[in-house]
Amino acid sequence: MSRPIRVLLGDDHRIVREGLKQVLADPANGKPEIAVVAEAIDGTEVLARAEALGGQAGLDVVLLDIAMPGLDGLEALQAVRRRWPELPVLMLSTYPERQYAVRCIQMGASGYLHKSADPDDMVAAVRKVAAGGRYLTEATAQALAGAVERTGVVRSAQQGLPAGVDALSFREHQVFRLLTAGQSVSEIGAQLKLAPNTVSTYRARILEKTGARNDVELALLARGTPAE
């Protein structure tokens with residue numbers, strides 16, 4: 001590609017965006033290979049920026065954080081795929097691959113990276129998806145292989161993975177993430193624009209599907225640590 005790879009970066013933390021821009025713009029040969037041409041702090045802004053740039057006509061890759069306020073990364077991923085199906089989306093998260101990588105790939109993401117990834121891996125991922133490929137880390141590939149092997153939605157306890165997480169609906173996944181981040185029912189309701197009793201209903205469904213008995217066990221599941 002003669003021109004730089006044009007990236008739209010969606011993350012609600014400025015310090016993260018600045019760090020990613022520095023990583024991506026670090027020139028190997030004196031000329032930046034990747035350029036962040038637009039930034040957004042939530043999913044709604046991601047869509048507005050992409051629209052203003054003409055979708056795939058003005059962008060080569062969308063780099064999305066999962067946990068953004070309002071319209072989050074998963075919702076933004078779905079919207080981008082509907083509007084611009086040829087525009088690659090690379091998902092970023094602090095959540096382990098076994099939690100969200102499979103879901104993101106199933107929803108149309110071209111790759112999934114943990115935010116702690118090596119800078120060289122970050123650059124390689126952007127290059128790969130911009131060229132039309134998929135970028136799968138070893139952890140993501142293993143998670144996908146496990147998903148293919150399963151005949152149901154519950155993962156084997158021997159794998160040390162949370163049972164039932166794959167069975168959660170999209171909204172239940174949102175509530176699950178926020179609960180395991182330590183947010184209260186009222187805080188989750190305010191962020192997702194849901195009544196507290198609705199959030200409580202989702203929480204009850206999540207506990208039932210995952211087999212967790214309380215929020216502490218949900219947090220352990222999110223970290224990949226089996227509850228006693």
V7: which of V61, L59, L90 passes side-chain contact (heavy atoms from CB on, under 4.5 Å)
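With V7 as partner, side-chain contact (heavy atoms from CB on, under 4.5 Å) holds for just one option, V61.
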Do you know the tightest heavy-atom contact between [X] and [Y]?
{"X": "M68", "Y": "G43", "answer": "CE-N, 3.7 Å"}
{"X": "P196", "Y": "V185", "answer": "O-CG1, 3.4 Å"}
{"X": "I66", "Y": "Y112", "answer": "CD1-CE1, 3.7 Å"}
{"X": "L47", "Y": "A76", "answer": "CD2-O, 4.2 Å"}
{"X": "L74", "Y": "C104", "answer": "CD2-SG, 3.6 Å"}
{"X": "R203", "Y": "D215", "answer": "NE-OD1, 2.9 Å"}

Between [X] (side chain) and [Y] (backbone), is there a donor-acceptor pair under 3.5 Å?
{"X": "R134", "Y": "A109", "result": "yes"}
{"X": "E217", "Y": "R213", "result": "yes"}
{"X": "D72", "Y": "A67", "result": "no"}
{"X": "H114", "Y": "S116", "result": "yes"}
{"X": "R49", "Y": "V37", "result": "no"}

Decide yes or no for [X] and [Y]: does some side-chain heavy atom of the first lie under 4.5 Å from some side-chain heavy atom of the second?
{"X": "I188", "Y": "L194", "result": "no"}
{"X": "L20", "Y": "V36", "result": "no"}
{"X": "D42", "Y": "D12", "result": "no"}
{"X": "P88", "Y": "D60", "result": "no"}
{"X": "T198", "Y": "L192", "result": "no"}
{"X": "L92", "Y": "D11", "result": "no"}
{"X": "D121", "Y": "Y135", "result": "yes"}
{"X": "E51", "Y": "W84", "result": "yes"}

Sole candidate of R17, K115, R177 that passes salt bridge (Lys or Arg N to Asp or Glu O under 4.0 Å) when paired with D65
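Among R17, K115, R177, the one that satisfies the salt bridge (Lys or Arg N to Asp or Glu O under 4.0 Å) with D65 is K115.
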Side chain to side chain donor-acceptor pair (under 3.5 Å) for R171 and Q174? Distances and angles first, verdict last.
CA-CA 5 Å; R171 183 65 84 181; Q174 288 183 305; 2.8 Å; yes
M107 CE to E75 CD distance, which is reported to the nearest 0.5 Å
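Separation between the atoms: 8.5 Å.
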Stepwise, does the side-chain contact (heavy atoms from CB on, under 4.5 Å) test hold for L136 with I105?
CA-CA 9 Å; L136 303 178; I105 298 300; 4.0 Å; yes
Show the numbers, then the answer: is there a side-chain contact (heavy atoms from CB on, under 4.5 Å) between I206 and V175?
CA-CA 8 Å; I206 292 165; V175 174; 3.8 Å; yes
Begin with the C-alpha distance, continue with both residues' side-chain angles, and end with the deciding distance and a verdict on side-chain contact (heavy atoms from CB on, under 4.5 Å) for L218 and F176.
CA-CA 8 Å; L218 285 178; F176 173 76; 3.9 Å; yes
Could you give me the CA-CA distance, side-chain angles and deciding distance for L179 and Y202, then say whether side-chain contact (heavy atoms from CB on, under 4.5 Å) is met?
CA-CA 11 Å; L179 282 171; Y202 281 123; over 6 Å; no
Determine, using the 4.5 Å side-chain heavy-atom cutoff (strictly less than), whether I41 and L64 are members of one ILVMFWY cluster.
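Different hydrophobic clusters.
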If Ile, Leu, Val, Met, Phe, Trp and Tyr residues are connected whenever their side-chain heavy atoms lie under 4.5 Å apart, and connections chain through other members, are L178 and L71 in the same group?
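As far as the 4.5 Å side-chain criterion goes, L71 and L178 are connected within one cluster.
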Do other residues, nucleotides or ligands put more than 12 heavy atoms under 6.0 Å from E18 CD?
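It does: E18 CD has more than 12 such atoms within range.
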Decide yes or no on salt bridge (Lys or Arg N to Asp or Glu O under 4.0 Å) for R205 and E208, but give the supporting numbers first.
CA-CA 5 Å; R205 291 177 187 170; E208 181 180 357; over 6 Å; no
Short side-chain donor-acceptor distance under 3.5 Å, Q78 and R81
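Checked: R81/Q78 side chains show no N/O donor-acceptor pair below 3.5 Å.
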